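Order of the sequence lines fixes the chain letters, A, B, ..., with proteins taken first and strands second; residue numbering starts at 1 for each chain. Note that the coordinates shown come from a computational prediction; the quantities given were computed from them, not determined experimentally.
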2 protein chains.
Amino acid sequence: MPNSARPRWPAAAELPDGHVATGLLLQMAHRAAHDRLAAELKPLGMDIRHFGILQFLARGGLTQRQLIDLVGVDKSTLVRIIDQLEEQGLAVRTRDPHDRRAFQVTVTERGRERLAAANAVAADLGDHLFGWLGAGDRRRLHELLQRIIQQAHERG
Amino acid sequence: MPNSARPRWPAAAELPDGHVATGLLLQMAHRAAHDRLAAELKPLGMDIRHFGILQFLARGGLTQRQLIDLVGVDKSTLVRIIDQLEEQGLAVRTRDPHDRRAFQVTVTERGRERLAAANAVAADLGDHLFGWLGAGDRRRLHELLQRIIQQAHERG
DNA sequence: TATTGTTATACTCTATAACTATA
DNA sequence: TATAGTTATAGAGTATAACAATA
């Protein structure tokens, strides 16, 4: 597993001045949360990249094309991801009756079980990471993050 | 450049429930800011990975060993990064007089100029992304992010 | 002619291991 | 014997392009 010893960047936290510090903290917080989730999902046999895909699939079967639009990966990349999910028996491809070029990708029963276990782990971790936030702080944090995302997509 | 068409994840933003949404927003905000910075640094001939390294070096020459401890990458990876910086004339290796096994890595004049240009771009982008935050919100955001980082490193 | 999906291939990034030169 | 750095090499992840089947 690559990157098990992770850059802790501002090693003891000598943050730069100004807004760069905000960006760096954003990166550090994301990475810390991401790595922690990946580590906790691993013993369940759940890859963190598969986790996101399965979330979408759990709401209803989708074609690979639809998944590509949701997730944004290249189609050839998605082929391999779905291959892996099929190998693990977590999802299956079935021909779309309306468009016989396309496959419907569906979560299997086994996939649902594993996803449920992963969701439980993710919920526990979420409680640990974010549960201390008061309702107001949580709402405010979401607002701020969404505004940042919006700003990043706007020219200026 | 790989990943130019980036996952926008919750494409129109159908966020999941609970704390998972917070983690996802964290990821989206980080990635949006990161990609935007990378895009704006590129025309200056500044790779975003080099940007961080140069920041550290600008405060004073460091050996590769010291950089490894700061940044957390593998030593063989760092060799290539320093090679690239040297090829571009942004940094140089000189023998450490006290320990002739080691190299001191120093930013060149050209490196300082390019770093200054990159810092100006980063500062402008920071203003755009985060400048709308009031002083209080900014402080609070930093506190929240630091607490999240801390929680992620604690067992629970 | 355009689109869904597959395959073959290549590129990037990074880590592991073996090596050298110093200490 | 241990450490700083280099090199060779392999692996993971992803993209590009050519292709098959269907629309």
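- With hydrogens and angles ignored, a donor-acceptor pair closer than 3.5 Å exists between the side chain of B/R101 and the base of D/dT3.
- With 3.5 Å as the limit, one finds no donor-acceptor pair spanning the side chains of A/D47 and A/Q84.
- Separating the CD1 atom of B/I81 from the P atom of D/dG5 is a distance of 14 Å, rounded to the nearest angstrom.
- Put simply, CG on A/D83 is 16 Å from P on D/dA12, counting in whole angstrom units.
- Checked against C/dA18, C/dT4, C/dT14, the side chain of A/R65 finds its nearest nucleotide in C/dT4.
- One atom, NE2 of A/H98, and another, P of D/dA21, lie 23 Å apart when rounded to the nearest Å.
- Nucleotide D/dA4 holds its P atom 12 Å from the CG atom of B/L78, rounded to whole Å.
- The pair A/D137-B/R140 meets the salt-bridge criterion, with a side-chain N (NZ, NE, NH1 or NH2) lying under 4.0 Å from an Asp/Glu carboxylate O.
- Side-chain contact of A/H34 with B/Q27: a donor-acceptor pair under 3.5 Å is absent, judged by distance alone.
- Annotation: side chain of A/L133 is not in contact with side chain of B/H19 (no heavy-atom distance under 4.5 Å).
- Between A/D74 atom CG and D/dA17 atom C1' there is a gap of 11 Å when expressed in whole angstrom units.
- Between the NZ atom of B/K75 and the P atom of D/dA2 there is a distance of 14 Å, given to the nearest Å.
- Regarding A/R100, its CZ atom lies at a distance of 13 Å from the C1' atom of C/dT4, rounded to whole Å.
- The closest side-chain donor-acceptor pair between B/Q146 and B/Q150, if any, does not fall under 3.5 angstrom.
- Nearest-nucleotide assignment on DNA chain D puts the 5′-proximal partner with B/V105, out of B/V105 and A/T77.
- Position along DNA chain D of the nearest nucleotide to B/A102 versus A/D99 favours B/A102 as the more 5'-ward residue.
- Remark: nothing in residues 86-97 of chain B comes within less than 4.0 Å of DNA chain C through any heavy atom.
- Between the side chains of B/R93 and B/Q64, at least one donor N or O lies within less than 3.5 Å of an accepting N or O.
- Between A/I82 atom CD1 and C/dG5 atom C1' the separation is 11 Å, expressed in whole Å.
- The nearest heavy atom of DNA chain C to A/R80 and to A/F103 marks one nucleotide each, and the one closer to the 5' end goes with A/F103.
- B/E143 has no carboxylate O lying under 4.0 Å from a charged side-chain N of B/R147, or vice versa, which leaves the two without a salt bridge.
- A donor-acceptor contact under 3.5 angstrom links the side-chain atoms of B/S76 to the base of C/dT16.
- Phosphate contact (OP1/OP2 of C/dT6, side-chain N/O of A/Q64, threshold under 4.0 Å): present.
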